[in-house]
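Working notes, structure below.
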There are 2 protein chains.
Amino acid sequence: MKITIVGTGMIGGAVARAARLLPGVTAIVGVDSNAAHAASARALGLVDTCIDEVPADADLVVIATPNEAIPDWVIRLQNHAGVVMDVGSVKRHVLDTVRASLGRLPPRFVPCHPLAGSEKHGPEHAPADLFRDRLVILTPDKETSPEAVDLAARFWRDLGALLHVMDSASHDDRLAVTSHLPHLLAFAFMASIGDDDLRFSGGGFRDFSRIAASSPELWWAIFKLNQAPLTAALDRFDAEIASLRRALLSGRDDEGLRVLSEAATRRRKIP
Amino acid sequence: MKITIVGTGMIGGAVARAARLLPGVTAIVGVDSNAAHAASARALGLVDTCIDEVPADADLVVIATPNEAIPDWVIRLQNHAGVVMDVGSVKRHVLDTVRASLGRLPPRFVPCHPLAGSEKHGPEHAPADLFRDRLVILTPDKETSPEAVDLAARFWRDLGALLHVMDSASHDDRLAVTSHLPHLLAFAFMASIGDDDLRFSGGGFRDFSRIAASSPELWWAIFKLNQAPLTAALDRFDAEIASLRRALLSGRDDEGLRVLSEAATRRRKIP
């Protein structure tokens with residue numbers, strides 16, 4: 001199998017690094033307009049070579065660019081003979097933008113989202129085992145070829161991932177809650193404090209705020225692309241904050257404890 | 001040195017476990033009205049015995065009860081010959097409550113706060129090395145005896161901690177920002193989502209929300225005892241959320257990126 005990785009940053013680099021170890025993979029080619037990433041990915045041996053265009057004979061093309069650049073690549077590769085998949089955090093806008101432009105979805109395009117990442121970026125931070133035991137969500141549409149979905153699913157399973165198939169709208173609603181909102185809150189929290197506060201940070205602070213070290217550009221784009229589900233999730237969060245604030249100011253211990261207990265009970269369900 | 005630990009939960013248990021290894025410590029006694037904690041602390045060998053009252057010959061008494069019970073213990077031990085210290089997360093209310101009751105602070109009482117903890121509770125979860133390389137804040141007052149502060153400081157240093165001395169009001173303002181607010185936000189976040197969302201949680205979600213598994217009772221008490229600094233910190237957080245929401249809805253990318261970049265730059269200052 002010949003693989004092309006478009007976008008050799010942290011996620012693309014991790015796909016390449018893990019794919020290297022698969023027995024059937026004979027070539028990994030990188031495509032990246034970021035010369036530093038391309039040079040680094042080549043120097044690290046993540047890709048065999050970096051070129052400007054996706055080779056016609058690639059069996060699998062992985063689009064690992066920033067989210068807003070994905071639709072253009074899918075459109076550009078609409079007639080490519082291989083299976084094309086992306087790894088973007090927001091799915092509906094990809095499908096909508098491609099369909100608005102082409103009037104259809106290319107059947108060999110499989111929208112994917114591995115729930116794996118890091119606050120670091122660049123191929124030099126690509127972990128060797130980023131997808132092991134992590135969930136990868138596939139959001140194929142009616143037009144997507146079942147054979148293409150099978151190949152994509154097999155590839156992710158070979159990298160050690162667990163699979164879940166759902167529609168792109170449900171994906172975006174869920175991820176607004178479990179990924180985009182925590183990032184927004186962590187950024188807002190870190191923006192609201194002072195540098196002087198940092199020396200009084202314990203383990204709780206550090207874990208809570210780790211994701212605020214993520215790339216501002218990547219995340220601002222994600223917030224924009226998933227704006228409606230994100231602001232809906234933020235509304236629900238704001239309602240809980242308002243009720244905690246009310247309980248605190250009015251001495252309603254029963255209400256405060258009820259909210260905290262519901263939260264703790266839910267969090268303790270995660271092993 | 002004979003040590004008495006009042007409150008043999010996770011923190012009290014960790015103090016006992018670490019103190020065991022100090023050469024000068026000849027006896028560790030537990031005092032706990034929670035029969036399960038007392039039995040467990042004894043069974044684990046954290047304390048030699050559990051009794052109902054603090055022995056008169058204790059050289060060091062560590063009050064590791066929930067925060068709201070600390071003032072009563074300080075008042076009860078006002079004439080104790082040993083050094084008395086607490087480990088509470090909120091300091092001003094302890095000093096204010098004791099002073100309101102006694103008209104003074106006992107000179108041998110040293111208010112302490114180790115910035116170390118866990119979302120777990122009970123002596124069975126007391127880590128062996130909880131205070132190693134962690135900051136312990138001491139908030140002595142003018143009335144506090146320098147010898148008592150020295151003994152407390154030496155004890156924490158022997159447990160591997162780093163020390164910082166500040167006044168109780170500054171402590172409460174800082175900790176509202178770096179500890180109490182993140183806990184409030186994590187609880188509100190976990191209360192705002194559904195059980196169905198949990199399966200879509202990645203590493204970011206897990207780290208961000210870990211502290212929401214903490215004890216609702218302990219944390220609601222802390223929020224109440226530090227209400228004014230906490231709501232002031234929450235106001236500043238809300239202002240950042242409002243400006244991100246505005247930027248998102250009005251397409252002000254420069255403003256959104258400014259907030260996210262400020263946050264990421266600050267968070268990256270933590271090694």
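All values reported here derive from a predicted model rather than from experimental measurement. Numbers restart at 1 for each chain; the letters A, B, ... are given by sequence-line order, proteins then strands. What you see below is based on every heavy atom in this structure, not just the backbone, and it leaves out hydrogens, waters and symmetry mates.
Contact of L135(A) with chain B is made through the side chain alone, with heavy-atom distances under 4.5 Å. Proximity to chain B (any heavy atom under 4.5 Å) is shown, for R266(A), by both the backbone and the side chain. For A186(A), the parts lying near chain B are the backbone and the side chain together; criterion is any non-hydrogen pair under 4.5 Å. For R134(A), the part sitting under 4.5 Å from any heavy atom of chain B is the side chain, from C-beta outward, and nothing else. In this structure, chain A has a heavy atom under 4.5 Å from the side chain of I211(B), while its backbone stays farther away. Interface residue A247(A): backbone and side-chain heavy atoms are both found under 4.5 Å from chain B.
The candidate with the highest count of non-hydrogen atom pairs below 4.5 Å against chain A, out of S179(B), S214(B), A221(B), P114(B), is S214(B). Between chain B and the options G202(A), A116(A), G204(A), heavy-atom pairs under 4.5 Å are most frequent for G204(A). Counting heavy-atom pairs under 4.5 Å between each of I193(A), D253(A), L184(A) and chain B puts D253(A) at the top. Interface remark: of the candidates S261(B), G251(B), P216(B), P216(B) forms the most heavy-atom pairs closer than 4.5 Å to chain A.
Evaluation of the ring-ring contact (aromatic ring centres under 6.0 Å, His included) rule for F208(B) yields F208(A), F189(B) as partners, not counting sequence neighbours. Shown here are the ring-ring contact (aromatic ring centres under 6.0 Å, His included) partners of H37(B), two or more places apart in sequence or in another chain: there are none.
Annotation: residues 156-164 of chain A contacts chain B through H164(A) [non-hydrogen atoms, separation under 4.5 Å]. Identified by a heavy-atom distance below 4.5 Å to chain B, the contributing residues of residues 230-243 of chain A are L230(A), T231(A), L234(A), D235(A), R236(A), F237(A), D238(A), E240(A), I241(A), in residue-number order.
Using a 3.5 Å distance cut-off with no hydrogens or angles, the side chains of S201(B) and R206(B) do pair a donor with an acceptor. Of the N and O atoms on the side chains of N67(B) and H93(B), at least one donor lies less than 3.5 Å from an acceptor on the other residue.
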